Amino acid sequence: MKTIYFDNNATTQVAPEVLDAMLPYFRDLYGNPSSMHTFGGQVGQKIRAAREQVAALLGALPEELVFTSCGTESDNSAIRSALTTRPEKKHIVISRVEHPAVRALCTHLSLQGYKITELPVDKNGNLDLENLEKSLTPDTAIVSLMWGNNETGVIFPVEAAAKMAHEKGILFHTDAVQATGKIPINMKNNVIDMLSISGHKLHASKGVGVLYVRRGTKFSPFLIGGHQEKERRGGTENSSGIIGLGKACELAAINMEKENTSVRRLRNKLEEELLKRIPQSRVNGDIENRLPNTTNISFEYVEGEAILLLMNELGICASSGSACTSGSLQPSHVLRAMGVPFTMAHGSIRFSLSVYNTEDEVDFVIEKMPPIIERLRGMSPFWNQAGQACTNQ
Ligand code: PLP
């Protein structure tokens, strides 16, 4: 059975060119980039080249990049650095829809005495900058807001938010794990202090990430050890991962237009056809202000997990908007923050595409989804009582 992979916000396939760039650094060129000998030194040179490739995608300076192990490490490092370099400040501002890499860290920090403000979003998942303005106090150390949401794709006005924070002398970090490679980012055009990237979300491998730290920003390392990354992140570099990420960033710059034309067109076709063919379905998140590859659709009166199981039987991969915690299905914090009604939030599916998806795959999913939803609704007492009545009106 062929796999149809529409779960690219969870992780992406390693691009063939990226794998080719990585392989020699497992097989032959396994030296430590910090070694004095040429064997290791040549790996150091390739890491420098990769740093330049990543910098080019972001409009950054190579020395502004710190290679990490993942997006979570980058997010944690940014926030912890702000608290360490500004020890007198005890307040952090985030949004209600941040990834757990930010939100769970902040919950943890609140137990240590930090005050956390979680900004609300509206029903379309958008952030109101007026709320940000009101939340900033002389005690605020850092504002951390994501660039693109992993569940809905909704884009936050992070460049304007960074300006607002700066006017009050507050540091600004953005989690750009989902936005990188999908929408243009140019650090020369904004005042964002720190930005997080994760390799496996943009066709590089798992186990590599980046934290951008603007030149002149005081930084305190999260991992303390060796002298790697100019003392900003101890630990022997993931050479092959970093070299692969450099290649992935080069490809991302080339594919950016495709993301915004062909991937967007396929996403729109999938969304429009599913909404047309399946009654009582709706999109969660702002239709316009979104990453081009993501759609989050609710099918009322069905369980997301049940939908995923039937999709899985056909080889279709996606994600649901609920998480199984302590035996009960909780709708995602993102959909709850947007006020999506319970019966809708439970039946939400996130489809996230990439440049490797095809029109045939989209057509297959468009054909297979309506019978899946119909079958599940046929078993749902709620649908038979309420939903069916609505569609008959
Ligand atoms: N931030 C966002 C928005 C994400 O979507 C993810 C992963 O899903 C992360 C952070 C964490 O990235 P990683 O898996 O590399 O730790």
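Note that the structure is predicted; figures quoted are calculated from it, not measured. In each ligand, atom 1 is the first atom listed, and ligand 1 is the first ligand listed.
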Original post:
What protein heavy atom is closest to atom 1 (N) of ligand 1, reported as residue, atom name and distance in Å?
Top reply: Asp175 OD2, 2.6 Å
Subject >> Which residue and heavy atom of the protein sit nearest atom 7 (C) of ligand 1, plus the separation >> reply: Lys201 NZ, 2.8 Å
Subject >> Proximity of Asp75 to ligand 1 by residue part, where a heavy atom lies under 4.0 Å >> reply: side chain
Subject >> Steps toward side chain to side chain donor-acceptor pair (under 3.5 Å) verdict (Asn357, Glu361) >> reply: CA-CA 7 Å; Asn357 290 123; Glu361 291 177 331; 3.0 Å; yes
Original post:
Can you list the ligand 1 atoms lying under 4.0 Å from a non-hydrogen atom of Ser198?
Top reply: 13 (P), 15 (O)
Original post:
Between Thr72 and ligand 1, which part of the residue brings a heavy atom under 4.0 Å of the ligand: side chain, backbone, both or neither?
Top reply: both
Original post:
Is the backbone of Ala104 close enough, under 3.5 Å, to the side chain of His99 for a donor and an acceptor to pair up by distance?
Top reply: no
Original post:
Side chains of Thr294 and Asn9: do they bring a donor and an acceptor to under 3.5 Å?
Top reply: yes
Original post:
Is there any N or O on Gly71 that sits under 3.5 Å from an N or O of ligand 1?
Top reply: yes
Subject >> Backbone of Ser352 reached by a side-chain donor or acceptor of Asn293 within 3.5 Å >> reply: no
Original post:
Closest heavy-atom contact between Met369 and Ile307?
Top reply: CE-CG2, 3.8 Å
Original post:
Would you say Glu73 touches ligand 1, if touching means a heavy atom closer than 4.0 Å?
Top reply: no
Original post:
What closest approach, in Å, do Lys206 and Thr12 show between heavy atoms, and which atom pair accounts for it?
Top reply: NZ-O, 4.3 Å
Original post:
In the protein, which heavy atom is nearest to atom 4 (C) of ligand 1, and how far is it?
Top reply: His99 CD2, 3.2 Å
**OP:** Could you find the nearest protein heavy atom to atom 5 (O) of ligand 1 and give me its residue, atom name and distance?
**Re:** Gln178 NE2, 2.8 Å
Original post:
Is any N or O atom of Asn9, backbone or side chain, closer than 3.5 Å to an N or O atom of ligand 1?
Top reply: no
Original post:
How does His200 reach ligand 1, if at all, at less than 4.0 Å between non-hydrogen atoms: by side chain, backbone, both, or neither?
Top reply: side chain
